[in-house]
Number of protein chains: 2
Amino acid sequence: MSGAAGPGANLTALRSHNAALVLRLLRDAGEDGVSRPELAGRTGLTPQAVSKITARLRAEGLLAEAGQRASTGGKPPTALRLVPDARHAIGLQLDRDEVTAVLVDLAGTSVAARSAPFDFGAPAEEALAAATAEVRALLADAAAGGGLLGVGVAAPGPLDHGSGVLHRVTGFPQWDGFPLRDALADLLALPVVLDKDTNAAALGLVTAGTAESAAYLHLGTGLGAGLVLGGDVYRGARTDAGEFGHQVIQLDGPPCDCGNNGCLEALCLAAVARGDRTDAARLLGIGATNLVRLLDIDRVLLGGRMVLADPEPYVRGVATMIAEDSARASRPPVSVDVVERGERAVVEGAARLVLAPLFALG
Amino acid sequence: MSGAAGPGANLTALRSHNAALVLRLLRDAGEDGVSRPELAGRTGLTPQAVSKITARLRAEGLLAEAGQRASTGGKPPTALRLVPDARHAIGLQLDRDEVTAVLVDLAGTSVAARSAPFDFGAPAEEALAAATAEVRALLADAAAGGGLLGVGVAAPGPLDHGSGVLHRVTGFPQWDGFPLRDALADLLALPVVLDKDTNAAALGLVTAGTAESAAYLHLGTGLGAGLVLGGDVYRGARTDAGEFGHQVIQLDGPPCDCGNNGCLEALCLAAVARGDRTDAARLLGIGATNLVRLLDIDRVLLGGRMVLADPEPYVRGVATMIAEDSARASRPPVSVDVVERGERAVVEGAARLVLAPLFALG
DNA sequence: TGCACTTTGGCAACACTGTTGTCAAAGTGG
DNA sequence: CCACTTTGACAACAGTGTTGCCAAAGTGCA
């Protein structure tokens, strides 16, 4: 690549980093808030440093006092909490036939939402206009109280997160090479971040759980994964990571569009097509087990239209297969669930693309 | 886990970070050295900050001037280079039947090496005594000029990198739960870092290439992988990541010791056992392709006794399969090679476990 | 040959970070 | 009632990278 050795850190970066750490703890604590001494203990910073940092954040309106806690033998600590309304972000999901937009606050809570039919196959300008119209309408509906941080866009892959350019989306060649991020940023006059829909959903997992490593498996028209490794979304150098569906699990299996034989996606979608959800779940479970073993995953979440239509057999099937394997390998159990707020997981995750830097996540 | 939000950064951490960045660039530049302005450009730090940092590092003896470069229209820049002898580290590899120890300098170059027969099945104290004797003999042979930073230990997994404790090594149940890191640290009175042999070898890749993501595939008595993701070794929460051999690639395949059917390891080792290296390479290639697609890997290196005995068919087979898949997916090519310095890859990687923090790697 | 220009790299002053020392406020518990 | 603990602020401090300035040492054109 550029040959750079990663960014040098200056005092500004130091400040942002520590502020983000404090904000993350405050966000995770929710309404109850956290006391200053607790923040100090959890971050490893001195109490005085925490006092300075929280004072700055309070001046920016990002946090507020939330009453006093019970004393533990001395002066009772003052709880601090995030002020969710202080900032907002927009999530925009471009799907094959629908565009969805949400306005979320700092806590990631959805404040307003809109969706409309969408033609991903339309000419770029037309589709872009439809998407921006949706965002503008959303903002008109619910004026964002605090500052608007930007727009996070989730689209089907492949695409490049770094440059914000779409690649050859299956079935929609006209988007290949289109600089979607910059085009939207110009039209909306807001910062824009672009990512794959699976990564957006995975980003929601970073927030939701304390799990260090998690995988979001999306079974829709295709089968993809969003990976959270070591607390951050893992994209790979070209945002191509997460191609979960095209792992070969049957050497002599049926041919797949990708050119290989016995891809998990082909087998799984075939099972779905013939209505055999049990077998689809079993196949998905095998792929998930491969993933868990390879990457030491703590948590698996399932999503996508096929799963959301009838989650139970999938969750049960995948959970069973992973649990059996974990037991044999005497590994701690891995939680398997449907993604929360199913249909909204991707859009709300998209909004978090914008929020993530504030909390030193991403 | 602990609920901590990652460590807060203070000024000391800031200094170490920037110093490590500079050291890494100097190490990668080798004998030729790097000029201060170039360091500034690559790190993003101001020239004056680089001057201060390099002055400190020079005072510690870690770097020295390396002559003047050609002028580019002004005062000619002074090249700075790492002083490899300034510090040393020990790498220790505990294998099933052999113990190997190397002394490496800051650049990772091997200065001295020893190896001896070893019985991993012996009682812990006995094996430990043999290992420490090997290290002491190595130090007696070649007195380390600069300060000795510590010992990096590579052992067959599973084990926990964080706590330095061995888990149930296949065939050697007596090691289960043994605190190898602390035991060795006590005996040698040196800092000790413990990691899986595959991870140690993978750490060598971080150094060697500019590849952001790489995988080291080890085909020996088993089949495992060491993963480098985003420039760092990826271990997972419990150092269990890298279980590459037990991915299912043939649903109705033969049973594997792990309890599943059609594991890559079982199929691949069976092919090796019947002398069919071409098929073994093909199977390895399928697993490698799965890995490359899932994790957007740039570089694959092959190692382990089976491969090193006759590398060519493996490299060719794996390279061909990945190349075909990459071409179909119009992805940039992935380099496939035998690991350099084959037999030594793991021990020298182990030594780098100790060096890594100096260069902000790991 | 002379001179304008560029680049290097050090020194001093600076703005800002987190840290330490100190102290008042406000509780608990014997 | 009083000793003790904890909270959280203020002031002084050490140390970071940054900025402004300048001498040294080259290049390249007139």
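Predicted, not measured: the structure shown is a model, and the values here were computed from it. Chain letters run A, B, ... following the sequence lines, proteins first, then strands; residues in each count from 1.
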The residue, A:Gln68 or A:Ala49, whose nearest nucleotide of DNA chain C is more 5′ is A:Ala49
Any donor-acceptor pair under 3.5 Å from A:Arg24 side chain to A:Phe359 backbone: yes
- Within the structure, does a side-chain N or O atom of B:Asn18 lie under 4.0 Å from either OP1 or OP2 of D:dT16? no
With sequence neighbours left out, the residues meeting side chain to side chain donor-acceptor pair (under 3.5 Å) with A:Arg238 are B:Asp296, B:Asp298
With the side chain defined as heavy atoms from C-beta on, A:Thr46 is closest, among D:dG17, C:dT19, C:dT17, to C:dT19
Whether each nucleotide of nucleotides 6-16 of chain C has a protein heavy atom under 4.0 Å at its base (B), only at its sugar-phosphate (S) or at neither (-) is summarised, 5' to 3', as BBBSBB----B
Separation of D:dG8 atom C1' from A:Glu38 atom CD, nearest Å, is 16 Å
Could you pull out every donor-acceptor pair under 3.5 Å between side chains of residues 53-66 of chain A and any protein atom, sequence neighbours left out?
unit_1: A:Thr54; atom_1: OG1; unit_2: A:Val50; atom_2: O; d: 2.8
unit_1: A:Thr54; atom_1: OG1; unit_2: A:Ser51; atom_2: O; d: 3.0
unit_1: A:Arg58; atom_1: NH1; unit_2: A:Glu65; atom_2: OE2; d: 2.9

By side-chain contact (heavy atoms from CB on, under 4.5 Å), A:Ala29 pairs with (sequence neighbours left out) A:Val34
The side chain to side chain donor-acceptor pair (under 3.5 Å) partners of B:Thr239 (sequence neighbours excluded) come to B:Asp160
note: A:Leu45, atom CG; C:dT20, atom C1'; distance rounded to Å ~ 15 Å
Residues passing the side-chain contact (heavy atoms from CB on, under 4.5 Å) test with B:Pro84, sequence neighbours excluded, are B:Arg81, B:Asp105, B:Ala107
